[in-house]
Amino acid sequence: MGTAVSAREAEVLRLLGEHLSNAEIAARLVISVRTVESHVSSLLRKLGVADRRALARVAPGAGAAGRSGAPLPAPLTSLVGRGRERAQLAALVTGHRQVTAVGPGGVGKTRLALAVAGQLAGEYGDGVRFVDLVPVTEPGMVAAAVADAVGIGERPGAGMVESVLADLADRRLLLVLDNCEQVRGGVASFVERLLGACPRVTVLATSRARLTVPFEQVYVVPPLSLAGGAGSEAVALFVARAAAAGRRPGPELAEPIASLCARLDGVALAIELAAARWPTLGLDGLTAGLSDQLRLLAGGDRAVSRHVSVRAALDWSHALLTPDDRRLLHRVSVFVAPFTAAAAARVTGDPVGLVADGLGRLAEQSLLQVTSVAGGTGYQALASIRQYGVHRLAEVGGLAEARDRHLDWCLDCADELRVVGPGWRARFDAVVDELRAALVWAGRRPGRRGPAYRLARQLAGLSFARNLVGESQQLFEQAAGLADAAADRAAALRCAAAVAGCRMRGDDGYRLRLAAAEAARSAGDAAAAAVDAASAAADAYRFTGTFVRVPARAQVVALIDAARAAAGADPAAIAAVALAEAGVLADAFGGADGPATIAVPEALAGAERAVELAAGTGDPVATSAALEALLSAQSWDGAPFAAAGTARRRIALFTGASGSPAAEHELIDALGEAAEASLGVGDLPAARGYARRLAAHPLLAEDGHRATHRLLLVESLAVEVDEVVAASVRFRDGWRRAGSPPQAGLGAAVAGVAMVHGLRGDRDAERDWRAVLDRLGGTPARRFGYGAVFDAMLLLHRGRAGAAVDRLAPEPDRVWRWVTWLWLHWYVGLRAEAAVLAGCADAGDRVAAAGRVVAGNPAAEAIVARAGALLRGDVPRVRATSARLAAAGCRYQAARSLLLAGGEDAARGAAQLCELGVVPAAP
């Protein structure tokens, strides 16, 4: 296969360089996530780089072609021998879904697993993915590491584990989990769920001990073969590594080298460490030094001889280092990921030039590996050597000091990352594993609670900015647990609640708000506690759809009563209570049963008071929440223009906002409401702008259906065929990745897509999308508004005016509340047109009534004017509505006006429909 990178692959590679997930890349390029995954697999194969992170590093300079290689991490040194072991392990992986290659550190598990994975890669349609678990310090972060390697982001409403399982559910993939031992429990739990939920995924793990999960097949990795003496695999490895170090042993030394390798039990790491010293010590020096060390460690059970061999080689290599290099090796062992000389200098306290020289010497002795990192050269120790270095550091009493220096460096890194700009994701990804490791260490030591709290708060905010929202919530909760001051605990819990809102986890948000209220009371801040309690009550009604178990009304009312009693004269508390009263007691948000439960005058009055009080606090988040209550009440009052104005006020609050979790949660909600409110009054350009901002919001990147359904709604009503077809790919892809859940709120978008395919003349696609609509659920009454509008548009297009009259038969004020807002103007406009074209006796009355309702809506006014002109047979006025509709952003309706005008105008209208991608039909 050639190595040329295609134009589309180059685009994917560029976006990988921005550290985007597969879903984010798909959204940028308007393709499916599955297509992105295919391109990533191809790039890994063509460029022969390590993994997604390596692709991101080569992206800026990759050019139009790469070099061939395997789609797996390529070790710096080649695999020597292992033919028998490769065949045995490959046979196990082919026949079983979970295989663990076990053995002591340094025996060669990783290289063997990589070789087998590369050999079998062609058998897995979705490729192979490698996950290095060395930097993972918490069992709960295993899924996040897998997600990073596969390119999956967390979907709102689902945790990271659920997101990974949903994404891999239909994939045929080989997943290599390397170095599982330090998080073995987390790996076991994750793998068990993965195998149950993803029947075509196979797992090859490497670990020092088996995972003990059901159906696990264990392969014990043996040492390198010593068979054949001078011609053995062990000798071949020694000679290869010695040659790489600068001096190849002659064939006359093969027998003595074989003897030395036998003393080292054929353990690959021990042999490599010895070979690295060959150029300077020669065979005599190696034999003497290692023999003495092995003698010191001899005795005991020979079953652990491989451990002894590695320890002997490490002790011997360590003893040959200068004191300064030993100290350097000890201290850099606290890093869990690749690090730079500058970072090492911060941890050691030595000049960076001196440290760089020392790191180079350690690399020459195979005690560190050289790798590339953002901005230059990086270094990393194998897991066995890193653990050895930490052990030695503890022995000499320097571990706490090195950890403290590492913690200080991490705090500085976190502080530097607070400003998000170009290249921010790459800089965050380069240090996040270190920040996590430092937090684990500091969080477990009582004397480090203060720095641990600061790091947890900082990392929580950074994780949110990186769209790691599940981790962000957990970190804010962890910060709350580390806080010494109750006020700090309350603040962290409020942030956690806001993140839970962004994740569509209503139950979590409610729980955390109540916990924040309790912490505020402990701090003696009754007013803050009142705000938290009232906010929890309001959210239970604002975001009911995000709850698994909605709190009982009596409980919510009790919260409002308690908040009212504690509010005192505090403006923020009074405003929060006012919102809760408007939203819950007056039911401004609409409840669940429609207008019958809403006392509209009371809801309006309460919402207006809440807006006035919230605005007085200067808090945009509180003001936005109150404005939503007002917008809802205005909608139930049948005042769509007032609702659209209120929606615009909400959006204006977040111009230049901080991007905090609370602000982003409000903004997402506000954009959706503004898109619908603008569409309801015929302001298609504004509706399109809000919908596009929503579709591009980073927190919705993994939720393609939720991100695009408002955009599909706008473009379907405007009949922008190309836009609908493109956005529907992302919608359907996201919905399927989420498990195709029944979500009635998505029905309008899907009905619009079905209609557009009907206008295109694609009956198969129309039926397909109507089947999706059926799966989304929802009552027929809930579908009436959008269903009637989209069905009527298609029926009128096909010349079936009588059927359109039947579909729009109910009087507007007798249909369920969804017609009284977004769909009212479109409903009455199409209803009037259908009556005219069908020759209904009451057509004139319908046109007149519709004209009064839609006044001020440029698109609906033009449709009603067209109906009136058709009723009067006024062809020039019918023709004139085409320009009005085009100016309003309704190109389809503009072309339809020409069709209805007849004559030469009809030919022009048909041509315009063809340009839109619509198949003309008889009027």
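In this structure, L224 and V107 have side chains that are not in contact, with every pair of non-hydrogen atoms separated by 4.5 Å or more. Using a 4.5 Å heavy-atom cutoff, the side chains of W441 and T137 are not in contact.
Under the 30°/60° scheme for interplanar angles, the aromatic rings of Y379 and F339 are found to be tilted.
For R732, the side chain to side chain donor-acceptor pair (under 3.5 Å) partners are D768, not counting sequence neighbours. H391 is linked by a side chain to side chain donor-acceptor pair (under 3.5 Å) to E395, counting only residues two or more places apart in sequence or in another chain.
From D733, atom CG reaches atom OG of S32 across 5.0 Å, with rounding to the nearest 0.5 Å. A distance of 11.5 Å separates OG of S333 from CZ of R392, quoted to the nearest 0.5 Å. C198 SG to R171 CZ: the interatomic distance, rounded to the nearest 0.5 Å, is 9.5 Å. For the atom pair CZ of F238 and CD1 of I257, the computed distance is 5.0 Å after rounding to the nearest 0.5 Å.
The pair D703-R737 does not count as a salt bridge, with every side-chain nitrogen at least 4.0 angstrom from each carboxylate oxygen. One finds no salt bridge joining K109 and E85 here, because no Lys/Arg side-chain nitrogen approaches an Asp/Glu carboxylate oxygen to under 4.0 Å. A salt bridge between E471 and R436 is present, with a side-chain N of the basic residue lying under 4.0 Å from a carboxylate O of the acidic one.
Outside the 6.0 Å centre-distance limit, the rings of H19 and F428 are not counted as a close aromatic pair.
In terms of modelled atom types and a separation under 3.5 Å, the side chain of E181 and the main chain of R208 share a donor-acceptor contact.
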Q) Taking it one step at a time, do V440 and E138 satisfy side-chain contact (heavy atoms from CB on, under 4.5 Å)? A) CA-CA 8 Å; V440 169; E138 286 286 281; 3.4 Å; yes
Q: Step by step, work out the salt bridge (charged side-chain N to carboxylate O under 4.0 Å, His left out) result for R111 and E272.
A: CA-CA 13 Å; R111 280 200 181 93; E272 291 183 346; 3.2 Å; yes
